[in-house]
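Please read the structure below before turning to the comments.
Below, read A as the first sequence line, B as the second, and so on, with proteins coming before strands; counting in each chain starts at 1.
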2 protein chains.
Amino acid sequence: MKLDRLDKKILDTLQADGRIANADLAEKVGLSASACLRRMRALEEVGIIDKYVALLNQKKLGRHMDVFVEISLTGQSKETLENFERAVARSGEIMECFLMAGDADYILRLSARDPIDFERIHRDHLAQLPGVLRMKSSFAIRPIVRRTAIPLED
Amino acid sequence: MKLDRLDKKILDTLQADGRIANADLAEKVGLSASACLRRMRALEEVGIIDKYVALLNQKKLGRHMDVFVEISLTGQSKETLENFERAVARSGEIMECFLMAGDADYILRLSARDPIDFERIHRDHLAQLPGVLRMKSSFAIRPIVRRTAIPLED
DNA sequence: TTTCCTTCGGCACACCAATACGCATCTTCC
DNA sequence: GGAAGATGCGTATTGGTGTGCCGAAGGAAA
């Protein structure tokens, strides 16, 4: 699917305000409400718009710690990786996880309330992950940037 | 602000579907539409709900690379840090950035279309960051988990 | 226990937005 | 030049939003 200027404007607007009323969105991008809605539905249909979510304020919910964990596995077999990944996907505490090239096999980020909470997560979630050889945690002192909007150039 | 069971249900639902109609949200959590709307507005008011956004599909937009970059600065003075952080915040390509305890001073994640695009970002954005002593990039092969929903226990 | 007060949910209504549909317009390709 | 497809506009209808008001539940004080 090819995106024209209007599609990008729609996407940019929705990336900034996912709950904007269609009428307002239409005005902002310079389309009629019906035309705008049709484009928006099309973007949802093909999956370019994945979903709409509310982003909560971590700090106000008492989550003051972000921790990165680099993980090396005991092996690289398909089965070892799949087991590990399934377990990661099941844990609601793990916010991000990537399979990596380079030193570590995986890097993941999780958010905790405080050191005691991190210990809980470490014990109940991280230590339960299968096939882990080595784990190295790095603590974030402060988030500088957290962006969900993908730049659409032009 | 204290959150009861209903607030948490509202937040969980909105974290999964930020564009749900208030009437449907109300039915889902077992409230009348008006009561539900009032709670939702209150959660927005105090900032527990930060904002609503559309999440786009990176892959469908041609962004196939996620890169983590660990950065050490030339110094730790307030000014060095602030200059660096301002520059990071200005760059729309940097998706996340954290001030870290431990080896590196900062860790950041960015998304690129391909190696050529990464080179562009490296040249036009990363290399322009002030006060950088050392940079170490790690490439992600595949995202395993990407979550925006904060767990609200119970 | 009674009274007052506060908090919170439900109800109803007025208004406004979403959505489907028909028609007009523009483009593209034979 | 004409037909087909895509896309925009205006409108009518459906349905959701948001507000004012009432009443119920819970707590505090006499």
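Residue pairs meeting the salt bridge (Lys or Arg N to Asp or Glu O under 4.0 Å) criterion with at least one member in residues 125-142 of chain B, sequence neighbours excluded, are A:Glu85-B:Arg142, A:Asp103-B:Lys136, B:Glu70-B:Lys136. Evaluation of the side-chain hydrogen bond (donor to acceptor under 3.5 Å, both in side chains) test over residues 33-44 of chain B, restricted to residues two or more places apart or in two chains, returns B:Asp4-B:Arg39, B:Asp7-B:Arg39, B:Ser32-B:Ser34, B:Arg41-B:Glu44, B:Glu44-B:Tyr52.
The distance from atom CD1 of A:Ile150 to atom CG of A:Asp12, rounded to the nearest 0.5 Å, is 10.5 Å. Distance check: B:Leu99 CG to A:Ile144 CD1 gives 5.0 Å after rounding to the nearest 0.5 Å.
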Exercise for the section: Step by step, work out the side chain to side chain donor-acceptor pair (under 3.5 Å) result for A:Gln58 and B:Asp50. Expected result: CA-CA 9 Å; A:Gln58 273 196 200; B:Asp50 186 24; over 6 Å; no

Exercise for the section: Verify side-chain contact (heavy atoms from CB on, under 4.5 Å) between B:Ile141 and A:Phe98, making sure each step is shown before the conclusion. Expected result: CA-CA 7 Å; B:Ile141 299 171; A:Phe98 292 85; over 6 Å; no

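Taking a 6.0 Å sphere around CD of B:Glu27, one finds it holds 12 or fewer heavy atoms contributed by other residues, nucleotides or ligands.
Across the protein-nucleic acid pair, A:Leu6 atom CG and D:dG8 atom P stand 7 Å apart, rounded to whole Å. Between the C1' atom of D:dG20 and the CZ atom of B:Arg41 lies a distance of 17 Å, rounded to the nearest Å.
Helix-axis bend for the helix from C:dT1-D:dA30 to C:dC30-D:dG1: the local axis fitted to the five terminal pairs at one end deviates from that at the other end by 30°, rounded to 10°.
For the side-chain contact (heavy atoms from CB on, under 4.5 Å) test, residues two or more places apart in sequence or in another chain that qualify with A:His122 are A:Phe118, A:Leu126, A:Met135.
At a threshold of 4.0 Å, the pair B:Asp66-B:Arg109 counts as salt-bridged, since one of the basic side-chain nitrogens sits closer than that to a carboxylate oxygen. Using a cutoff of 4.0 Å between basic side-chain nitrogens and carboxylate oxygens, B:Glu93 and A:Arg147 are not scored as salt-bridged.
For DNA chain C, the contact window with chain B, defined by any atom under 4.0 Å from a protein heavy atom, covers C:dG9 to C:dC11 in 5' to 3' order.
For residues 16-40 of chain B, proximity to DNA chain D is found at B:Ala21, B:Asn22, B:Ala23, B:Ser34, B:Leu37, defined as any non-hydrogen atom under 4.0 angstrom from a strand atom.
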